[in-house]
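Shown next, in structure tokens, is the structure this report addresses.
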2 protein chains.
Amino acid sequence: MVTMEDVARLAGVSKMTVSNVVNNREGVSDLVRRRVLEAIRQSGYRLNVSARSLRSGRTGVIGLAVPEVDLPYFSHLATLVIDAARRRGHHVAIERTGAAEAGEADALAHSRVLQFDALILSAVVLDGLDERLTGAGCPVVMLGERDFGGRFDHVAMPNEEGMKAATVHLADQGCRRIGIVSGVPREGVNVMTRRYRGYLDGLAERGLSADPPLLFPLDGMTMEAGRDAAHRMVDSGREVDGVVAVTDTVALGVLRGLADRGLRVPDDIRLIGFDDVPESRFLVPSLSSVAPDHRWMAEKAVELAVQRVRAPLRPAEEHVAPFELVIRESTR
Amino acid sequence: MVTMEDVARLAGVSKMTVSNVVNNREGVSDLVRRRVLEAIRQSGYRLNVSARSLRSGRTGVIGLAVPEVDLPYFSHLATLVIDAARRRGHHVAIERTGAAEAGEADALAHSRVLQFDALILSAVVLDGLDERLTGAGCPVVMLGERDFGGRFDHVAMPNEEGMKAATVHLADQGCRRIGIVSGVPREGVNVMTRRYRGYLDGLAERGLSADPPLLFPLDGMTMEAGRDAAHRMVDSGREVDGVVAVTDTVALGVLRGLADRGLRVPDDIRLIGFDDVPESRFLVPSLSSVAPDHRWMAEKAVELAVQRVRAPLRPAEEHVAPFELVIRESTR
DNA sequence: TTGTAAGCGTTATCAC
DNA sequence: GTGATAACGCTTACAA
């Protein structure tokens with residue numbers, strides 16, 4: 001392995017000068033710099049990141065913990081985070097948490113092992129996370145779902161506002177019996193409860209009743225769960241003329257489930273999702289959706305992460321992503 | 001920061017004994033081990049991976065370079081690779097190459113910077129990669145697309161066999177004018193040329209003419225490109241009663257493009273994809289597809305990577321993934 | 001079974 | 001503007 005020492009010898013300078021050149025530091029004469037660069041080229045030298053990290057205490061890696069990499073929403077988000085980080089000279093290591101508390105706790109444990117400079121945590125369910133977070137061994141930025149009373153940097157989704165807008169939109173399209181396909185709202189603040197609240201707000205805004213609630217519960221946040229929920233919805237015989245799905249991925253399953261029962265969207269029933277994942281505009285029918293500005297979210301999360309590495313003691317910030325309602329065939 | 005030294009002092013042993021406990025090595029008495037573990041707990045000690053890597057020369061990280069993280073095929077693959085690697089005690093860092101030669105070369109450059117123990121490269125287009133690969137600074141396992149004359153470990157897709165089977169299937173369903181939506185086959189061996197060859201083989205197998213070719217070229221491998229190709233196909237006025245799409249992602253776009261022109265699948269035209277991504281069974285109509293065993297591929301790729309780290313000089317291995325044809329509504 | 005010493009490749013500090 | 005030296009926290013090799 002070629003080290004700085006070797007390069008230094010080859011260029012006839014000291015190790016330290018090579019280091020200065022490699023790190024683009026001031027105070028190296030042009031002549032020497034050129035000589036060093038040439039020596040680096042000739043020798044095929046490569047910086048040893050482990051050594052640098054050991055010395056500097058920084059790894060240049062930001063962790064991104066998501067429930068599943070292969071759900072469109074998260075993979076899309078991951079892409080954007082990777083880009084945003086790269087622009088700031090950082091790398092991203094993705095942790096899969098599996099949407100379970102165990103997994104999310106695990107990701108934190110791993111963040112210790114892998115020594116991220118910061119961890120961006122897209123937490124869905126984890127309760128009682130707070131105590132553990134403080135022991136993560138690196139700054140944590142919450143992305144998406146939860147509210148931690150201002151103790152952590154937090155990039156929030158417009159969960160309530162978005163869901164409210166979606167529900168109002170369905171009402172304005174003439175729907176009178178609007179159902180929701182979602183996880184059962186649990187105690188504490190999480191994506192399910194917030195979106196469910198937004199749905200209720202939307203109903204209230206248009207004077208529609210939520211009693212008895214038309215909640216069709218979801219077993220997981222997958223396409224499969226969405227399809228099954230749609231089956232149960234139709235089979236229950238309860239009349240529904242519009243559905244808000246808690247995510248686009250779930251909505252994709254609902255679309256399939258409705259087709260299985262011979263119901264057409266939007267003719268028989270209207271459907272709207274949340275996230276505006278890339279495939280939504282290509283589905284048949286194309287899927288209306290609440291579209292948070294994902295790029296903005298990724299950018300902000302990485303920005304917060306990088307800032308906090310530099311200044312660990314700044315007060316925590318909370319930001320809510322902007323969104324727009326994208327109207328497509330499924331609610332026409 | 002708490003170091004092994006601190007733990008050692010606390011437990012009344014030497015640094016080395018702590019190291020032995022941390023690494024689960026033999027030859028530490030139970031009593032001492034317990035004392036050390038207790039000291040670790042009390043002190044909140046965490047292993048410093050940079051230091052370990054610097055000393056041992058291994059990082060425990062496998063790089064995975066894919067064109068796009070947010071195409072379903074790659075995100076699914078990434079999930080499986082992450083799982084397989086975790087089972088072997090490795091972490092995965094994902095590099096996005098952007099499906100361009102520049103990107104793929106870049107990933108190699110990064111592999112130098114990040115010091116992966118090995119790099120799994122899902123290369124799509126890169127020609128003249130061979131020379132650069134040897135300078136990657138770590139073992140490289142090719143995943144998916146290309147053939148490198150046996151110089152690299154290689155987990156290949158059943159590109160030709162799969163496409164042939166898909167084409168034969170369409171013929172057996174009664175299709176007589178079978179088109180293909182694919183990138184233009186280029187010089188050299190890549191996914192496009194191999195799949196196109198499989199398509200031609202399939203036509204030949206059933207005595208169907210490939211002259212003039214019903215190739216509808218693709219500008220990229222995206223849903224959008226698939227939709228546009230479908231538009232051009234229909235607008236060209238050329239009669240087509242079956243289509244093989246080069247990937248499921250492209251097929252999803254084709255499905256949309258056909259709907260835009262008022263054509264129904266499978267009634268007016270049958271459609272089959274390649275990859276069997278998770279969403280395919282949930283589409284309406286559900287999408288028939290060539291289903292390579294992705295889990296097998298990920299497992300094999302990681303296995304090869306780990307093996308090669310241990311034994312850099314073993315001769316390269318080449319494996320072709322098994323596959324099956326999944327018949328769904330789109331070709332009924 | 002446990003301890004000691006050396007060194008992995010880099011950077012911070014301070015001297016020149 | 002450049003160089004010598006001393007860490008950073010850990011593991012390998014070997015001694016006790």
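These numbers come from the heavy atoms of this one structure, side chains and all, not from hydrogens, waters or symmetry mates. Given the structure is predicted, the values throughout are model-derived calculations rather than measurements. All chains are named by letter (A, B, ...) in the order of the sequence lines, taking the proteins before the strands, and each is independently numbered beginning at 1.
Taking only side-chain nitrogens and oxygens, N23(B) comes nearer than 4.0 Å to OP1 or OP2 of dT11(D). Between S19(A) and dT10(C), a side-chain N or O to OP1/OP2 separation shorter than 4.0 Å is absent. Between S50(B) and the phosphate of dG9(D), there is no side-chain N or O to OP1/OP2 separation shorter than 4.0 Å. Here R25(B) reaches the OP1 or OP2 of dT12(D): one of its side-chain N or O atoms lies under 4.0 Å away. Close to dG3(D), at under 4.0 Å from its OP1 or OP2, lies a side-chain N or O of S14(A). Within the 4.0 Å cut-off from OP1 or OP2 of dT2(C), at least one side-chain nitrogen or oxygen of S29(B) is found. Neither OP1 nor OP2 of dT10(C) sits under 4.0 Å from any side-chain N or O of S56(A).
In the set dC10(D), dT12(D), dG9(D), dG9(D) carries the atom at the smallest distance from any side-chain atom of L54(B). In the set dT4(C), dA6(D), dG9(D), dA6(D) carries the atom at the smallest distance from any side-chain atom of R55(A). Listed nucleotides: dC10(D), dG9(C), dA12(C). Nearest to the side chain of N48(A): dG9(C).
The backbone N or O of R314(B) lies less than 3.5 Å from a partner atom in the side chain of R308(B), making a donor-acceptor pair. The backbone N or O of R58(A) lies less than 3.5 Å from a partner atom in the side chain of S53(A), making a donor-acceptor pair. Under the 3.5 Å distance criterion, the side-chain polar atoms of D117(A) are matched with a main-chain donor or acceptor of G60(A).
Positionally, the nearest nucleotide of DNA chain C for T17(B) lies more toward the 5' end than for the other of M1(A) and T17(B).
Between E317(B) and K300(B) no salt bridge is recorded (no basic side-chain N to carboxylate O distance below 4.0 Å). A salt bridge is absent between R35(B) and E38(B); no separation between the charged side-chain nitrogens and carboxylate oxygens falls under 4.0 Å.
Per the geometry, CZ belonging to R58(B) stands 16 Å off C1' belonging to dC10(D), to the nearest Å. Atom NZ of K15(B) is separated from atom P of dT2(C) by 18 Å (rounded to the nearest Å). Distance, M4(A) CE to dA6(D) P: 19 Å, rounded to whole Å. Remark: C1' of dG3(D) and CG of N20(A) are 10 Å apart, rounded to the nearest angstrom. Taking atom CG of residue D30(B) and atom P of nucleotide dT1(C), one finds them 10 Å apart after rounding to whole Å. The separation between E26(A) atom CD and dG1(D) atom P is 9 Å, rounded to whole Å. Rounded to whole Å, atom C1' of dC10(D) lies 9 Å from atom CE of M16(B). In this structure, E5(B) places its CD atom 10 Å from P of dC10(D), rounding to the nearest Å.
Results of the side-chain contact (heavy atoms from CB on, under 4.5 Å) test with V18(A) over L37(A), V28(A), V36(A) single out V36(A) as the only residue that passes.
Rounded to 10 degrees, the angle separating the terminal axes of the helix from dT1(C)-dA16(D) to dC16(C)-dG1(D) is 30°, with each axis obtained from five end pairs.
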Stepwise side chain to side chain contact (heavy atoms under 4.5 Å, CB included) test for E68(A) and M221(A): CA-CA 10 Å; E68(A) 294 292 344; M221(A) 299 277 275; over 6 Å; no
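The base of dT10(C) lies outside donor-acceptor range of the side chain of R52(A), with no N or O pair under 3.5 Å.
Across all strands, V22(A) comes closer than 4.0 Å to no nucleic acid atom at all (heavy-atom distances). Within 4.0 Å (heavy atoms only), R33(B) reaches no atom of the nucleic acid at all.
For the residue pair R55(B)/S50(A), the side-chain donor-acceptor check at 3.5 Å is not satisfied.
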